[in-house]
Amino acid sequence: MSPFEAVRPHLARAGSVVFVTGAGVSQESGIPTFRGRDGLWRRHDPMRLATIGAFWEDPALVWEWYEERRQNVLAARPNAGHLAVAEMEGFADVSVLTQNIDGLHQRAGSSRVVELHGSIVRTKCTSCDFAGGADVRTTQAPPRCACGALLRPDVVWFGEPLDHGVWERAARLAGGCDVMVVAGTSLEVSPANSLPAYARGNGAAIIEVNPAETALSAHADLSVRDTAAGALPGLVSEFAMMRG
Ligand code: OAD
């Protein structure tokens with residue numbers, strides 16, 4: 001039996017589906033999560049690597065750490081979970097609100113992706129408003145912008161606010177959906193962890209996909225204890241059966 005059978009009435013009526021995704025969705029592509037057993041924040045102190053203060057203290061260290069992760073991301077491939085999210089566009093109006101900075105949803109074919117925490121394949125200037133594309137050179141120290149200041153990864157660091165426009169868009173999409181699928185996130189980081197409340201405010205059904213329990217599990221309409229690559233293709237099959 002499909003685990004999604006329990007929410008079929010909600011799926012049948014769903015015009016707009018919003019996915020809220022986190023590091024767990026890319027775990028099966030070989031990208032480590034932050035808080036799990038092998039999570040990055042178990043081995044590294046985020047205050048030394050993921051704050052603007054850390055960057056100014058040791059720009060080369062921070063740049064190299066991101067450079068290593070960037071190479072890992074560029075070598076990774078979307079998994080069955082990312083592909084299922086993209087395939088859902090055949091059956092509903094789909095938006096992806098992701099905390100991931102790896103671009104794998106876009107590479108899997110998702111067309112409306114809101115990157116809440118930025119992108120590791122882009123850089124931005126620490127001084128002017130330059131933000132650059134994916135053609136970042138592989139260097140051991142941060143390259144410089146045309147204006148002379150150091151470039152940094154275009155990601156949101158601890159203590160930094162989300163881009164205002166990005167957050168407004170995410171909150172609007174979450175607040176207008178019929179079904180929200182929250183996959184691969186511990187929901188420990190604000191404000192992304194408030195997105196399910198926006199969906200609830202609209203009367204949306206909330207489905208969680210996560211091998212571990214989270215603070216959302218008890219409140220979701222359905223909490224599927226499986227991985228993203230294991231469960232999400234089944235969600236597409238449900239939609240295909242109802243609407244195909
Ligand atoms: P976390 O590492 O906090 O949580 C990952 C979640 O994915 C956990 O709940 C796991 O149980 C689950 N998980 C693990 N493997 C999975 C799989 N194969 N399929 C589905 N779920 C799986 O990652 P995030 O919630 O994304 O922010 O973390 C949020 C933010 O904290 C990140 O964006 C990052 C970090 O600090 C910034 O860097 C700003």
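For clarity, every value in this text was computed on a predicted model and none was experimentally measured. Ligands are counted one by one from 1 in listed order, and the atoms in each one are counted from 1 as well.
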Legend entry - Thr185 and ligand 1 - part of the residue with a heavy-atom distance under 4.0 Å: both

Inset, instruction - Return the set of residues passing salt bridge (charged side-chain N to carboxylate O under 4.0 Å, His left out) with Glu160 (not counting sequence neighbours), or none when no residue passes. - result: Arg152

Inset, instruction - Report yes if Val209 has an N/O atom closer than 3.5 Å to an N/O atom of ligand 1; otherwise report no. - result: no

Legend entry - Partners meeting salt bridge (charged side-chain N to carboxylate O under 4.0 Å, His left out) with Asp93 (sequence neighbours left out): Arg112

Inset, instruction - Tell me which one of Ala228, Gly184, Ala229, Gly22 gets a heavy atom nearest to atom 6 (C) of ligand 1. - result: Gly184

Legend entry - Thr227, any N or O under 3.5 Å of ligand 1 N or O: no

Legend entry - Heavy-atom proximity to atom 10 (C) of ligand 1, best of Asn210, Thr98, Leu116: Asn210

Inset, instruction - Kindly confirm or rule out an N or O of Val25 lying under 3.5 angstrom from an N or O of ligand 1. - result: no

Legend entry - Polar proximity ligand 1 side, Phe34 side, N/O cut 3.5 Å exclusive: yes

Legend entry - Close N or O approach (Asn100, ligand 1; < 3.5 Å): no

Inset, instruction - Look at ligand 1 and say whether Phe158 reaches it with a heavy atom at a distance under 4.0 Å. - result: yes

Inset, instruction - Decide yes or no on side-chain hydrogen bond (donor to acceptor under 3.5 Å, both in side chains) for Thr33 and Arg35, but give the supporting numbers first. - result: CA-CA 6 Å; Thr33 63; Arg35 298 178 179 79; over 6 Å; no

Inset, instruction - Please confirm whether Pro211 comes under 4.0 Å of ligand 1, counting heavy atoms of the residue only. - result: yes

Inset, instruction - Examine ligand 1 and decide if any of its atoms is less than 4.0 Å from a heavy atom belonging to Glu28. - result: yes

Legend entry - Within-cut-off N or O pair, Asp226 and ligand 1, under 3.5 Å: no

